Structures are given as structure tokens and as C-alpha cells.
Amino acid sequence: MRVTVQPLSRTFAANVLALTFLSIPLAPSTAQTQPPAQSSKEKVIPDQKLDAAAAALPYVSNLQQKYEQQLAAATAPSAKERLTKEGSDAIVKAITKEGLSVNEFNAIIELAENDPGLREKLLRRAGPPIK
């Protein structure tokens, strides 16, 4: 399984440090299965889940950026493999620390991508990016 978060929009992505981490696959044992997300009009996200996603968002974005830079600089396949696993584990930890599964986090991000109101709500709750 892969951790996948779609780019949200240029403005939104800039505010959260270009949130995508498609290059960091998850080990199947760390992924939790969730039912497929409904459309944003059908699905109401509880405030607790939205707060958890907003709390994880700056950390996920920071980790994604950090590991993408390290992966780009790595030349040895073994170093790339190690960094991929390390980055994946760190991102999973940042998400699950807030009480969400990776699939729940991804579903919220995907809904925010398609719902400007939800996107603004998520950004307000997320606060400034971590440097």
C-alpha cells in the first residue's frame, strides 16, 4: 500500500508546504483499511477528526519535504530504500499520533481538495507550517 495524498490546490498546497507524499510507500502491515470515502457533500467529518487531521498536517508536510530532499540527494539504492522506510514510518507516526489512520487522513485531505469550505476550515485549524 502507498500513502497517497493528492495535491490540494496551488494556494492550499503552498500553505501546507506542497502536501503530497506519493514517493513514500507504506509497508502493508502498517496500513489500516477503511471503507472508501463518500463525496464531500455526503460526508460530514466530525470536528475531532478534522482537528486531528489539522494537527497532523504541518508535521506530515514537513516530513514529506525533508525526506523528498534526502531521497533526491541519495545515490545508493540501499540509502534510498532506508530513507523511504524511515520517511514512511515517520509520516505514519505523525498521523497515528493524532488518533487517525492513514486512510482517514488521506480521505480528509481528498475531501478538502474538492471542498473549498472544508479546505479553509482545515487550514485555519492547522496553523502555520513547521520549519
Side-chain angles (χ1 to χ4, degrees):
M1 176 176 188
R2 250 179 209 265
V3 174
T4 57
V5 176
Q6 302 297 319
L8 303 176
S9 78
R10 288 184 184 180
T11 304
F12 188 47
N15 288 334
V16 296
L17 298 173
L19 180 67
T20 62
F21 45 96
L22 296 170
S23 63
I24 303 177
L26 291 178
S29 62
T30 63
Q32 299 177 11
T33 58
Q34 296 291 323
Q38 301 169 356
S39 76
S40 59
K41 290 183 174 41
E42 297 173 21
K43 181 145 179 139
V44 176
I45 300 170
D47 281 343
Q48 179 183 8
K49 296 285 185 184
L50 192 57
D51 287 341
L57 193 59
Y59 293 101
V60 169
S61 181
N62 185 33
L63 288 165
Q64 179 245 335
Q65 188 173 53
K66 172 185 169 184
Y67 282 99
E68 281 182 354
Q69 289 172 354
Q70 290 180 13
L71 280 167
T75 55
S78 62
K80 288 185 181 209
E81 187 176 317
R82 179 187 55 79
L83 286 168
T84 297
K85 179 171 179 7
E86 189 179 300
S88 177
D89 290 348
I91 288 170
V92 170
K93 185 176 179 182
I95 293 169
T96 58
K97 177 181 170 199
E98 298 302 331
L100 292 174
S101 71
V102 171
N103 287 339
E104 287 173 316
F105 178 82
N106 287 341
I108 292 168
I109 297 303
E110 186 177 319
L111 289 171
E113 177 182 67
N114 299 310
D115 182 338
L118 178 60
R119 181 172 45 243
E120 287 304 314
K121 201 183 224 187
L122 185 62
L123 282 174
R124 277 196 310 273
R125 293 178 187 204
I130 297 171
K131 303 221 175 184

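Along the sequence shown, the residues carry numbers beginning at 1. Small disclaimer: the values here were computed from a predicted structure and weren't measured.
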Contacts table for residues 69-80: side-chain donor-acceptor under 3.5 angstrom, sequence neighbours left out:
none

Could you pull out the closest heavy-atom pair between [X] and [Y], with the gap in Å?
| X | Y | value |
| --- | --- | --- |
| Tyr59 | Ala94 | CB-CB, 4.1 Å |
| Ala52 | Glu98 | CB-O, 3.2 Å |
| Leu122 | Ala112 | CD2-CB, 4.0 Å |

Which value, rounded to the nearest 0.5 Å, describes the distance between [X] atom [atom1] and [Y] atom [atom2]?
| X | Y | atom1 | atom2 | answer |
| --- | --- | --- | --- | --- |
| Ile109 | Arg119 | CD1 | CZ | 11.0 Å |
| Asn106 | Leu111 | CG | CG | 11.0 Å |
| Leu118 | Leu50 | CG | CG | 6.0 Å |
| Leu57 | Asn62 | CG | CG | 11.0 Å |

Next item on the list: Using side-chain hydrogen bond (donor to acceptor under 3.5 Å, both in side chains) as the criterion, list what pairs up with Arg125, not counting sequence neighbours.
Entry: Asp47, Asp51

Checklist line | Minimum side-chain heavy-atom gap Phe105-Val60 below 4.5 Å | finding: yes

Checklist line | Stepwise salt bridge (Lys or Arg N to Asp or Glu O under 4.0 Å) test for Lys85 and Asp89 | finding: CA-CA 6 Å; Lys85 179 171 179 7; Asp89 290 348; 2.8 Å; yes

